[in-house]
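Letters A, B, ... are given to chains in the order of the sequence lines, protein chains preceding strands, and every chain is numbered from 1.
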Amino acid sequence: MKVTLPDGTELQLAEGATGGDAALAIGEGLARAALAIEVNGELRDLARPLPDGAEISIITGKSPEALELVRHDTAHVLAAAVMELYPGVKISIGPAIENGFYYDFDFPEGAEVSDADFERIEQKMREHVKAKEQFTREDISVQDAIEKFKAEGQDYKVELIEDLITNEGAETVSLYTNGPFTDLCRGPHATDTGKIKAFKLTSIAGAYWRGDANRQMLTRIYGTAFLSKEDLQQHLELIEEAKKRDHRRLGKQLDLFHFNEVSPGSPFWHPNGMKIWNALHELWTEQNSLRGYNRVKTPILLDVDLWKISGHWDKYRDNMYFTDVEERPMGIKPMNCPAHIQIYKNDRRSYRDLPIRYSEDGLVHRHEPSGTLHGLMRVRHITQDDAHIFCTEEQIQDEVIQCLRFGFYIYEIFGFEPSLELSTRPEQRVGDDATWDRAEAALENALKAEGLPYDLNPGDGAFYGPKIDLHMKDSLGRSWQLGTVQLDFSMPERFELSYTGDDNEEHRPVMIHRALFGSFERFIGILIEHYGGEFPLWLAPVQVRVVPVSDKHNDFSNQLADRLLEAGLRPHVDERSESVGRKIRDAELAKAPLMWVVGDEEQQTETVAPRRRHHEGEPERVPIADAIEQLRAEVAARTRAE
RNA sequence: GCCGGGAUAGCUCAGCUGGUAGAGCAACCGCCUUGUAAGCGGUAGGUCAGGGGUUCGAGUCCCCUUCCCGGCUCCA
């Protein structure tokens with residue numbers, strides 16, 4: 001028989017030859033480096049026989065698939081070690097994931113496992129790696145497999161196999177054995193555990209079986225693995241660096257905000273943080289008015305009946321805050337839409353008025369479960385850059401496109417490259433299927449018309465309509481939803497909204513819910529991590545640190561600061577009786593974008609020598625007026641880079 | 001909300017198997033008057049998250065509560 005190599009050459013092999021034989025036939029070095037093989041585009045074990053005429057490609061450590069393969073191998077080694085150390089443990093699943101792998105265990109009663117146990121687990125794992133245990137595959141009938149795992153008390157495996165039978169009509173399943181450990185597994189695996197060159201257990205956490213909060217809570221052990229010790233080391237250092245960008249850490253360090261037990265999940269914004277907020281708010285005001293949005297302001301407390309009409313009472317009352325006002329039950333708004341609807345309904349509307357676009361920096365409160373709070377990213381006190389567009393069905397696509405373009409305009413300012421998700425009808429929803437069909441199609445058409453790549457998220461829409469979300473990742477790779485464009489045929493129905501058409505008949509408008517920052521809180525959180533605290537001039541809390549050479553230059557420095565203030569800039573004068581070196585250092589640590597060191601020379605010549613953040617050596621001197629004008633221009637342009 | 005871990009001075013952290021709390025930085029007070037990343041000396045600062053228990057004795061051991069961290073579930 002023969003097979004074809006990636007470069008098109010053909011290779012003659014004996015009947016029944018395996019991937020390993022093929023690798024050896026090409027070269028001894030390759031055979032040693034080989035981890036697995038791609039056969040007609042499918043990743044397989046080296047030990048499996050090749051079909052005649054197959055197109056093959058040997059997978060080595062250099063292949064992009066290698067890491068995933070070895071991480072999956074390591075997950076099996078972890079399970080092997082845990083089964084030896086904790087007799088009676090039940091195993092469930094253990095896949096490779098981005099940056100590593102995990103394995104979920106159900107530990108026996110009384111076995112308390114924490115990261116303190118990692119060392120002995122890793123020790124055990126190292127024994128298996130050192131032993132270079134072969135991964136061997138065996139295909140057996142589902143009946144035999146069920147019997148085997150039942151006998152071993154591995155209930156989770158039994159359930160997995162039963163699901164394979166019902167969902168895929170499986171008749172056989174594959175088992176992989178390395179050393180004393182056998183697992184139900186699709187494969188493929190590398191030849192042996194010796195291919196794992198570097199690994200580390202990283203964390204431990206609870207995880208529901210099958211991701212279902214109503215089912216058993218398992219113990220998930222996370223780890224990572226690499227093909228060399230250097231790669232592992234580099235990865236760990238990268239994580240350490242990323243932690244330094246954490247907005248919670250920088251928020252404290254730069255004195256932007258703090259969190260307080262007196263109101264969990266609600267940031268206390270400090271003056272420095274508010275400078276950023278204000279700069280952002282200015283952008284928001286400016287662009288919303290340029291784009292035909294009209295700003296409104298609505299109450300935070302609204303009659304409970306309103307939330308019953310909107311459907312929020314039914315779906316979210318456990319996550320809402322309520323209070324009584326003179327015995328009248330009121331709800332604190334978790335969304336602004338029913339309030340904006342009141343403004344729409346306060347007058348008769350004509351088709352000539354549409355689209356009507358209301359915007360509000362609306363403060364909403366949601367009782368987010370305690371375990372989900374996360375710095376500025378997930379708060380209970382949320383300031384949305386909210387907007388609601390009331391329009392005709394014909395106007396939908398154009399309005400959605402305009403929202404998306406507006407979003408990309410904003411994100412471009414920060415150099416954000418968001419990923420897009422289209423989320424469709426959830427199980428628990430309002431409105432009929434025909435309406436959902438139209439709504440989903442409208443959003444999809446808008447995305448396609450704009451040529452935007454997106455991921456589909458079936459079932460993840462809002463209860464009143466489908467949505468397009470803009471996501472960004474934080475410094476540790478966690479994805480957060482920022483902007484959102486949501487289509488809603490339901491609220492107009494529930495609140496009986498109407499407009500008079502050109503036919504003099506009453507028609508139902510459509511609503512678009514839209515936020516681009518998402519919330520000021522989360523957006524600033526992402527901003528902090530994106531810039532690592534080194535904000536561009538237009539966002540920096542302090543834009544110019546004025547550093548007097550000695551105390552006798554304090555007056556002149558304050559005069560300069562006044563001129564900066566008058567120009568609408570944010571200066572700070574360091575009046576301490578410290579050395580220049582010290583004041584420069586502290587300005588650097590405060591991540592100020594600019595420093596002006598001023599002494600006799602500046603005072604006499606009416607010049608300054610603006611020193612950029614991280615600048616080395618002495619900077620150029622320019623006339624004061626020019627320096628200020630240049631800063632004003634840079635702020636006005638919202639220049640991104642230094 | 002669930003599982004696991006944590007909480008010591010303003011900040012970052014040390015405090016062995018229980019014997020009455022410590023460093024660096026910051027702060028404050030002096031001196032120095034400084035030219036592009038840390039000048040020198042001194043002073044003060046803590047119901048060891050809160051509550052209960054074990055013990056002659058608890059920062060340290062046990063229980064409860066709150067908050068935080070890492071995941072999971074959720075996220076209008």
Side-chain angles (χ1 to χ4, degrees), chain A residues 102 104 107 112-117 202-222 246 248-249 252-253 255 258-265 307 310-312 314-316 318-320 333-338 364 366-375 377-380 382 384 426 428-430 460-465 467 469 476 478 480-481 484 486 488 491 513 515 522 547-554 576-589 595-602 609 611-619:
Chain A
Y102 68 77
D104 284 351
F107 283 97
E112 282 183 26
V113 185
S114 77
D115 57 10
D117 300 297
T202 51
S203 65
I204 186 163
Y208 297 108
W209 169 234
R210 300 243 136 153
D212 184 343
N214 298 313
R215 303 200 65 180
Q216 178 76 30
M217 171 69 74
L218 306 174
T219 303
R220 174 171 299 178
I221 296 178
Y222 285 94
D246 190 310
R248 292 165 299 188
R249 179 173 171 151
K252 203 182 275 187
Q253 208 173 309
D255 197 20
H258 87 274
F259 285 89
N260 196 309
E261 285 202 25
V262 299
S263 186
W307 304 112
S310 71
H312 288 92
D314 282 341
K315 190 158 195 293
Y316 288 112
D318 288 346
N319 298 309
M320 284 178 64
K333 67 177 173 185
M335 286 188 81
N336 301 298
C337 34
V364 300
R366 297 176 181 177
H367 178 248
E368 305 285 7
S370 56
T372 64
L373 299 177
H374 187 99
M377 304 301 191
R378 187 89 182 261
V379 290
R380 288 180 175 157
I382 307 160
Q384 297 180 319
Q428 207 184 335
R429 61 178 180 262
V430 296
D460 246 11
F463 71 91
Y464 48 72
K467 56 180 188 159
D469 293 330
L476 284 168
R478 294 172 286 222
W480 299 94
Q481 180 195 309
T484 185
Q486 311 182 345
D488 183 358
M491 293 285 162
H513 309 242
R522 182 177 287 178
V547 175
V549 170
S550 79
D551 289 351
K552 67 178 190 228
H553 305 108
N554 282 357
R576 295 174 305 163
S577 300
E578 289 287 352
S579 66
V580 170
R582 174 53 173 274
K583 287 189 260 196
I584 294 277
R585 179 182 149 82
D586 288 344
E588 284 284 352
L589 292 177
M595 289 149 242
W596 286 5
V597 178
V598 297
D600 289 340
E601 290 174 49
E602 284 75 11
R611 179 194 196 275
R612 289 274 164 180
R613 190 162 46 202
H614 306 319
H615 181 83
E616 286 181 25
E618 213 150 324

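- Separating the CG atom of A:L373 from the C1' atom of B:rC75 is a distance of 11 Å, rounded to the nearest angstrom.
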Begin from the C-alpha positions of A:Q486 and A:Y464 and carry the test side-chain contact (heavy atoms from CB on, under 4.5 Å) through to its verdict.
CA-CA 9 Å; A:Q486 311 182 345; A:Y464 48 72; 2.3 Å; yes
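- If you take CE of A:M595 and C1' of B:rA37, they are 9 Å apart, rounded to a whole angstrom.
- In this structure, A:D551 places its CG atom 12 Å from C1' of B:rC31, rounding to the nearest Å.
- Nucleic acid contact for A:N214: none, since no nucleic acid atom lies under 4.0 Å from a heavy atom of the residue.
- To the nearest 0.5 angstrom, A:Q216 atom CD is 11.0 Å from A:D104 atom CG.
- Taking 4.0 angstrom as the limit, A:R248 places none of its side-chain polar atoms (N or O) nearer than this to OP1 or OP2 of B:rC67.
- Of the candidate nucleotides B:rU36, B:rA37, B:rG39, B:rG39 has the atom nearest to the side chain of A:S579.
- Heavy atoms of A:D586 sit nowhere under 4.0 angstrom from any nucleic acid atom.
- Rounded to whole angstrom, the span from the CG atom of A:D318 across to the C1' atom of B:rC75 amounts to 14 Å.
- A:H374 has no side-chain polar atom (N or O) that falls below the 4.0 Å cut-off from OP1 or OP2 of B:rC68.
- For B:rG10, neither phosphate oxygen OP1 nor OP2 lies less than 4.0 angstrom from any side-chain nitrogen or oxygen of A:K252.
- Judged purely by atom type and a 3.5 angstrom limit, A:R429 uses its side chain to pair as donor or acceptor with the backbone of A:P426.
- Here the nucleotide nearest the side chain of A:E261, chosen from B:rU66, B:rU36, B:rG71, is B:rU66.
- A:Q486 comes within 4.0 angstrom of the backbone, heavy atoms only, and of no base.
- Closest to the side chain of A:P264, from the set B:rC67, B:rC74, B:rU34, is B:rC67.
- Counting atom types as modelled, A:R522 pairs no side-chain N or O with a base atom of B:rC75 as donor and acceptor under 3.5 Å.
- Listed pair A:K467 / B:rA76 meets the phosphate criterion, a side-chain N or O lying under 4.0 Å from OP1 or OP2.
- At a threshold of 4.0 angstrom between heavy atoms, the contacts of A:G311 with the nucleic acid are absent.
- With B:rG71, B:rA37, B:rA76 as the choices, the nucleotide that has an atom nearest any side-chain atom of A:A205 turns out to be B:rG71.
- The side chain of A:K315 approaches B:rC75 more closely than any other nucleotide in the set B:rU34, B:rC3, B:rC75.
- Distance CZ (A:R249) to P (B:rC11): 14 Å, rounded to an integer number of Å.
- Across all strands shown, A:V580 has heavy atoms under 4.0 Å from sugar-phosphate atoms exclusively, and none from any base.
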Hey, mind stepping through A:V549 and A:D600 against side-chain contact (heavy atoms from CB on, under 4.5 Å) and telling me if it holds?
CA-CA 8 Å; A:V549 170; A:D600 289 340; over 6 Å; no
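- The side chain of A:I584 has B:rA37 as its nearest neighbour among B:rG35, B:rA76, B:rA37.
- Within 4.0 Å (heavy atoms only), A:Y222 reaches sugar-phosphate atoms of the nucleic acid but no base atom.
- Comparing A:M217 and A:A207 along RNA chain B, the residue whose closest nucleotide (by nearest heavy atom) sits nearer the 5' end is A:M217.
- You cannot call A:Y464 stacked on the base of B:rA76; the centres under 5.5 Å and planes under 30° rule is not satisfied.
- Of the candidates B:rU73, B:rA38, B:rG35, B:rU73 carries the atom nearest the A:A213 side chain, counting heavy atoms from C-beta on.
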Quick one, A:H513 with A:M335, criterion side-chain contact (heavy atoms from CB on, under 4.5 Å). Give me CA distance, side-chain angles, the key distance, then yes/no.
CA-CA 10 Å; A:H513 309 242; A:M335 286 188 81; 4.0 Å; yes
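- Counting any heavy atom pair closer than 4.0 Å across all strands shown, A:G581 reaches sugar-phosphate atoms only and no base atom.
- Residue A:R478 has a polar side-chain atom (N or O) positioned under 4.0 Å from OP1 or OP2 of B:rG71.
- Comparing A:R585 and A:A462 along RNA chain B, the residue whose closest nucleotide (by nearest heavy atom) sits nearer the 5' end is A:R585.
- A:M377 has its CE atom 15 Å from the C1' atom of B:rC75, to the nearest Å.
- One finds the CZ atom of A:R522 at 8.0 Å from the CE atom of A:M377 (value rounded to the nearest 0.5 Å).
- Nucleotides B:rC64 and B:rG6 place their P atoms 15 Å apart, quoted to the nearest Å.
- If you measure from atom CD of A:E368 to atom C1' of B:rC72, you get 16 Å, rounded to the nearest angstrom.
- One can place CZ of A:R576 at 7 Å from P of B:rA27, the figure rounded to the nearest angstrom.
- Of the candidates B:rU33, B:rA76, B:rG70, B:rU33 carries the atom nearest the A:S577 side chain, counting heavy atoms from C-beta on.
- For A:R582 against B:rA38, no side-chain N or O and base N or O form a donor-acceptor pair under 3.5 Å.
- Among the protein residues, A:Q253 comes within range of no part of the nucleic acid, since none of its heavy atoms lies under 4.0 Å from any strand.
- With A:D314 contributing its side chain and A:G311 its backbone, the two residues share no donor-acceptor pair below 3.5 Å.
- In the set B:rG4, B:rU36, B:rC3, B:rG4 carries the atom at the smallest distance from any side-chain atom of A:S114.
- Under 3.5 Å, the side chain of A:E112 and the base of B:rG5 form no donor-acceptor pair of N or O atoms.
- Side chain A:R220 to base B:rC72: no donor-acceptor pair is found below 3.5 Å.
- Using a 4.5 Å cut-off on side-chain heavy atoms (C-beta onward), A:V547 and A:R611 make no contact.
- A:E602 comes within 4.0 angstrom of a base, heavy atoms only.
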